[in-house]
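Report on one structure; see the data block that follows.
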Amino acid sequence: MSDAPHLSHLDLSPVRTARGTVALPGSKSISNRVLLLAALAEGTTRVTGLLDSDDTRVMLAALRALGVPVAQGSDSSEVSVTGAARFPGSHATLFMGNAGTAIRPLTAALAMMGGHYLLSGVPRMHERPIGDLVDALRMLGARVAYQGKEGYPPLSIGVGDLTLKGPVRVNGSVSSQFLTALLLAAPLATAATGRDFVIEVDGELISKPYVEITLNLMARFGVTAHRDGWTRFTVPASARYTSPGQILVEGDASSASYFLALGAIGGGPVRVTGVGEGSIQGDVAFANTLAAMGATVHTGPDWIETTGVRVAQGERLRAFDSDFNLIPDAAMTAAVLALYADGPCTLRNIASWRVKETDRIHAMETELRKLGATVTATHDSLTVTPPAHWTPAEIGTWDDHRMAMCFSLAAFGGQPVRILDPNCVSKTFPTYFDVYAGLVAG
Ligand SMILES: O=C(O)C1=C[C@@H](OP(=O)(O)O)[C@@H](O)[C@H](O)C1
Ligand SMILES: C=C(OP(=O)(O)O)C(=O)O
């Protein structure tokens, strides 16, 4: 989907230092939530700082196909969305690419509205689970059917009858996006039933900070969900979204992780702008991981900066053994940084990696070994022992933007690194390798 010319591979020469400042692209998680909220809110919302990448393009295209007025601003980071409690279109066939933040919330919103919709994606999307969300929507009275394999997209949606009086239950242990989807769509349920919409979470909820993003943004559009810890959420019967008029999307904290890591291994300083002290994204906590590994981190209102060691001169980061459930995306960056640690590093509680863009535990294990690391994996963890001798490697990216981005950090190992299919970064960060090249030096 990217506009960039297709490259079969990108050769990264060994590099020794990293320094500079990066203006981050907008947060994927915030961009797609804000677009949907704006489309469901009375009034026009001017969105600035929007991410322009595959994941937001599929969301924008879907909203347009549903008849939502979306006007492009002066550049691709700005749009104006005119919302209403229902989408104008009652029939649509929607292609969702591989964007979890698009297909899951839209499925919930469309199922609660009722209409005739078909949602599909790339082949990998048809292997990513959605059954827990569909079960919850069916419990509510929505009509959702599988067009292929039970539990997975593609899905068709019909006109249901939202009659449930009690709470909807949803499993939170596979993806937090199912709970997020129900929360974002909740005012449609309250409008249909005239009752409070209560969601109860089964299982141990993963990736909790993403649900915090959801609640925060709902509140910006005028809807407060009451909560009882992480197990019960109530959206009041009166809930209706209203536009805040204008909303600025923060820089992407997951994308920031690669640059902050560069500062930690290439001397630095490397500064990212667009996220800082007041960020609503959980992945800013990756800075704490870097600090624990020995980097120095400074944070301002709108920036984070790292300075660190020089691994190309033989200096080492401190090894870690940590639970990464709260920051599953930035955790991939930590897995590659483990190559430069002073001992084995273990990432725990990352089972969700297996059902993301690829099976990330398997992909990470396979590619880190090519560089000379010793790697062991379990169903929900990964242990990386740094290479005694680095080997030049051709890194497969498994159609996973984060595999491509985090393996750029391997160019500090003293050997050339070839990144296959580098354009897969277009899912969230089409210009990633240009920005990377502007920071590093041999
Ligand atoms: O809600 C979100 O914006 C996201 C939630 C996380 O997924 P899981 O809840 O499936 O871990 C994360 O990995 C994904 O990139 C974005
Ligand atoms: C898991 C990811 O994406 P998605 O929003 O498609 O789940 C990701 O960006 O790392």
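Both counts, for ligands and for their atoms, begin at 1 and track the order of listing.
- The closest heavy-atom contact to atom 7 (O) of ligand 1, among the options Lys356, Arg128, Lys28, comes from Lys356.
- When Arg104, Lys356, Lys28 are checked for heavy-atom proximity to atom 4 (P) of ligand 2, Lys28 turns out nearest.
- Proximity of Met405 to ligand 2, defined as any heavy-atom pair under 4.0 Å, is not found for any part of the residue.
- The line from CG of Asn423 to CG of Leu7 is 5.0 Å long, rounded to the nearest 0.5 Å.
- In this structure, Met96 does not count as a contact residue of ligand 2, since none of its heavy atoms falls inside 4.0 Å of the ligand.
- Ligand 1 has no N or O atom lying under 3.5 Å from any N or O atom of Tyr210, backbone or side chain.
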Begin with the C-alpha distance, continue with both residues' side-chain angles, and end with the deciding distance and a verdict on salt bridge (Lys or Arg N to Asp or Glu O under 4.0 Å) for Lys370 and Glu365. CA-CA 9 Å; Lys370 288 182 184 170; Glu365 188 185 5; over 6 Å; no
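- Contact check on Arg354 versus Asp359 returns a salt bridge, with a Lys/Arg side-chain nitrogen under 4.0 Å from an Asp/Glu carboxylate oxygen.
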If you apply the rule side-chain hydrogen bond (donor to acceptor under 3.5 Å, both in side chains), what do you find for Arg348 with Ser322, and how did you get there? CA-CA 6 Å; Arg348 299 190 189 275; Ser322 307; over 6 Å; no
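- Using a cut-off of 4.0 Å between Lys/Arg side-chain N and Asp/Glu carboxylate O, Arg124 and Asp399 are scored as not salt-bridged.
- Counting heavy atoms from C-beta outward, Glu357 and Cys424 have side chains that stay 4.5 Å or more apart.
- Ring pair Tyr258/Phe286: centre-to-centre distance not below 6.0 Å.
- Checking Arg128, Glu357, His401 against atom 7 (O) of ligand 2, the nearest heavy atom belongs to Arg128.
- Aromatic pair Tyr146/Tyr152: ring centres not closer than 6.0 Å.
- A side-chain contact (heavy atoms from CB on, under 4.5 Å) with Val284 is found for exactly one of Ser279, Pro209, Ser257, namely Ser279.
- Those atoms of ligand 1 that come under 4.0 Å of a heavy atom in Ser207, given as number and element, are 8 (P), 9 (O), 11 (O).
- The closest protein non-hydrogen atom to atom 1 (O) of ligand 1 is Arg33 NH2, 2.7 Å.
- Shown in contact with Thr101 at under 4.0 Å from a heavy atom are these atoms of ligand 1, numbered in order with element: 2 (C), 3 (O).
- Taking the six-membered ring where the residue is Trp, Tyr432 and Phe259 present parallel rings, their angle staying beneath 30° rather than reaching 60°.
- Residue Ala99 has no nitrogen or oxygen atom sitting less than 3.5 Å from a nitrogen or oxygen atom of ligand 2, judged on distance alone.
- Residue-level proximity to ligand 2 for Asp329 is carried by the side chain, the only part with a heavy atom below 4.0 angstrom.
- For Lys427, the heavy-atom gap to ligand 2 drops under 4.0 angstrom.
- When only interatomic distances are considered, the shortest N/O to N/O separation between Asp329 and ligand 1 falls below 3.5 Å.
- At least one N or O atom of Ser176, backbone or side chain, sits closer than 3.5 Å to an N or O atom of ligand 1.
- Closest heavy-atom approach to atom 10 (O) of ligand 2 among the candidates Arg402, Met403, Arg124: Arg402.
- Atom 10 (O) of ligand 1 has as its closest protein heavy atom Ser175 OG, 2.6 Å.
- Within ligand 1, counting atoms from 1 as listed, the ones closer than 4.0 Å to a heavy atom of Ser29 are 2 (C), 3 (O), 16 (C).
- Ligand 2 places these atoms under 4.0 Å from at least one heavy atom of Thr101: 5 (O).
- Between Asp11 and Arg418, at least one side-chain nitrogen of the basic residue sits less than 4.0 Å from a carboxylate oxygen of the acidic one, meeting the salt-bridge criterion.
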